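Heads up: the structure comes next, in structure tokens.
Small disclaimer: the values here were computed from a predicted structure and weren't measured.
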Amino acid sequence: MKAKSFFLRHHLAFYILICLLENVLAVISTELTVFPMPENYSVCDWENFLTQHAVVITFLGAFCYIFPVFLCAQYGLRTRKYKMSDREYIKILVHSPFALALRGTCGWISNFIFNVAFLIYFKIAFGYDIVFLLCTAAFSYFFVTLFSFTFVYFTLETLNRNLVLPNLYPKGNISDTERISLSSIKAVFIFYFFSAAFFPTVFLGVRIFFTRKFSIQIKSYSDIIFAALALAAGIGLTMLISSYFQKPLKKLCDQANQIEKGNYDARAVICSNDEMGVLGDSFNAMSKSLKEKELIRDTFGKVVAPQVRDYLLSGNLALGGEMVDATIMFCDIRGFTSLSEKMLPEKVVALLNEYFTGLEKCVASHGGVVNKYIGDAVMAIFGAPIPTKTHANDAFLAALDMKQELILMNRNFSQKGFPQIQFGIGLHSGPVLAGNIGAASRMEYTVIGDTVNTASRIEGLCKLYQKDLLLSQSVFDLLPQKENLLFVDEAEIRGKKEKVRLYSR
């Protein structure tokens, strides 16, 4: 971590050093870009002229090297005013490849200006025609300037993408940083085309044209070496630029696969300030949004049953409902009021949470939905929101599992010092209105109707008949196996004219 911090604080110094070294390579490359002089030009006169003005030429040459170094150092010193976390500091680091490469070309541009001035002075002193020299100097200096800028920029940009930007933007948000002229894929490819293909070809063509026009004898391998180096540079730039897009896209695909597997913490590594960086930001924003939605979905699934959650999230949010056949279950703890009076509130909550968890597991395992908790009572639905023809049998099997689960829970309660619990379960099947009930701003998915009321009344009769499970005739008729069920009574249900036949097990 300290090494990364040190590099981030001093990386501009390394970049300036790289800029100088690559300009030295550009100086060496000038040997391949010098146009041979025609025979009617006196080389001796030109050499004598340079010797006579050696002090001035040395001074101006030194200035051409010191001037870009001064500009690059001035750019680097700007970071002294800011902290590493400041927006302006980050902006300076992000733009450093373009800024340093551009400042590095100032030496070549000033050198060309001085060269033109000397050629004009040479013409005045000796009366030579300098049109050829001006044209060849312009082409040579333009090529070397382009060479210098290209290699400095792409070298520093490669280091920036691999070492600087991923540390500056660990969470992304590079879209907030101002973009420069080369911070786009289109601009990079256009610049690459002119640097690696168009101008070297034009330069070589002009060089051949001048040598033939003035019948200049040149070394046979000179142009071959130049063409080979231009080709090598083009291939190198092609591979380099292709990696600019191949690596981020591969990493983006890997992160997308992680999200597909449910890892919503996956983040794209931001390593450029172009459209790929913006794409990475968009990917990270999408990943964050998916994580938030999954959290909401998971939390929502704990507030309501997962089936109800999926029903609502699929777009069923309008008030109203539809008539469906379902089985309603009510389950209530016997004597809970007197039982809770003897316990501390936090222990009552702990007991109820464990009790409800066990019941919900039994209901869910048979496709039921715990619709609501009413104090110590539970209301469950079988057959909605997902319709099923086996809703009565599912409810009956869930009730049997609940009875077994209560035995296990009571054993556990005894070990914890909690009192033993007894409950009563009432089941009734019939048509219900299932849907969203409530106000437009606050609603809940539930079922209403006579079937619901009857199920609640049946559960209330468990205490009268000393049974922990009672089911109505409508449930009994829908069960595939009835052998172990016993008839209990024809009970009067408040609110119903006809008596209801009750069964138990």
Side-chain angles (χ1 to χ4, degrees), residues 19-20 22-72 74 98-153 191 194-195 198-218 222-223 226 229-230 233:
C19 183
L20 292 175
E22 296 205 347
N23 271 279
V24 171
L25 293 177
V27 172
I28 298 173
S29 71
T30 56
E31 296 299 322
L32 297 173
T33 60
V34 173
F35 284 80
M37 294 181 63
E39 293 180 359
N40 59 340
Y41 280 81
S42 176
V43 178
C44 293
D45 290 341
W46 176 247
E47 290 178 348
N48 291 332
F49 176 80
L50 295 178
T51 302
Q52 294 172 6
H53 300 83
V55 176
V56 178
I57 292 173
T58 302
F59 173 78
L60 294 177
F63 172 81
C64 292
Y65 283 100
I66 295 174
F67 181 51
V69 173
F70 170 77
L71 294 178
C72 291
Q74 186 184 40
F98 180 83
L100 295 179
L102 191 63
R103 284 162 173 76
T105 61
C106 292
W108 294 104
I109 295 172
S110 58
N111 206 334
F112 172 69
I113 294 173
F114 294 144
N115 193 280
V116 171
F118 270 100
L119 285 174
I120 294 174
Y121 182 52
F122 181 67
K123 174 179 174 58
I124 295 173
F126 294 94
Y128 285 112
D129 182 11
I130 61 171
V131 174
F132 172 79
L133 291 177
L134 281 174
C135 293
T136 56
F139 269 97
S140 295
Y141 275 103
F142 183 80
F143 177 81
V144 175
T145 302
L146 186 65
F147 173 92
S148 171
F149 180 88
T150 300
F151 278 88
V152 170
Y153 173 76
F191 179 73
F194 277 96
S195 300
F198 179 77
F199 189 77
T201 303
V202 172
F203 180 84
L204 187 60
V206 171
R207 182 182 171 93
I208 294 173
F209 169 77
F210 274 111
T211 54
R212 290 187 177 181
K213 180 175 179 62
F214 293 96
S215 301
I216 301 173
Q217 296 296 321
I218 60 173
S222 178
D223 288 338
F226 175 82
L229 290 177

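Screening T145, V152, L146 for a side-chain contact (heavy atoms from CB on, under 4.5 Å) involving S148 leaves a single residue, V152.
Atom CD1 of I109 is separated from atom CZ of F142 by 10.0 Å, given to the nearest 0.5 angstrom. Between the OG atom in S110 and the CH2 atom in W108 there is a gap of 10.0 Å [rounded to 0.5 Å].
Nearest heavy atoms, P68 versus F63: CD-O, 4.3 Å. Closest non-hydrogen pair, C106 versus L71, comes out as SG-CD1, 3.6 Å. The two atoms that bring F149 and T105 nearest to each other are CB-CG2, 3.6 Å, heavy atoms only.
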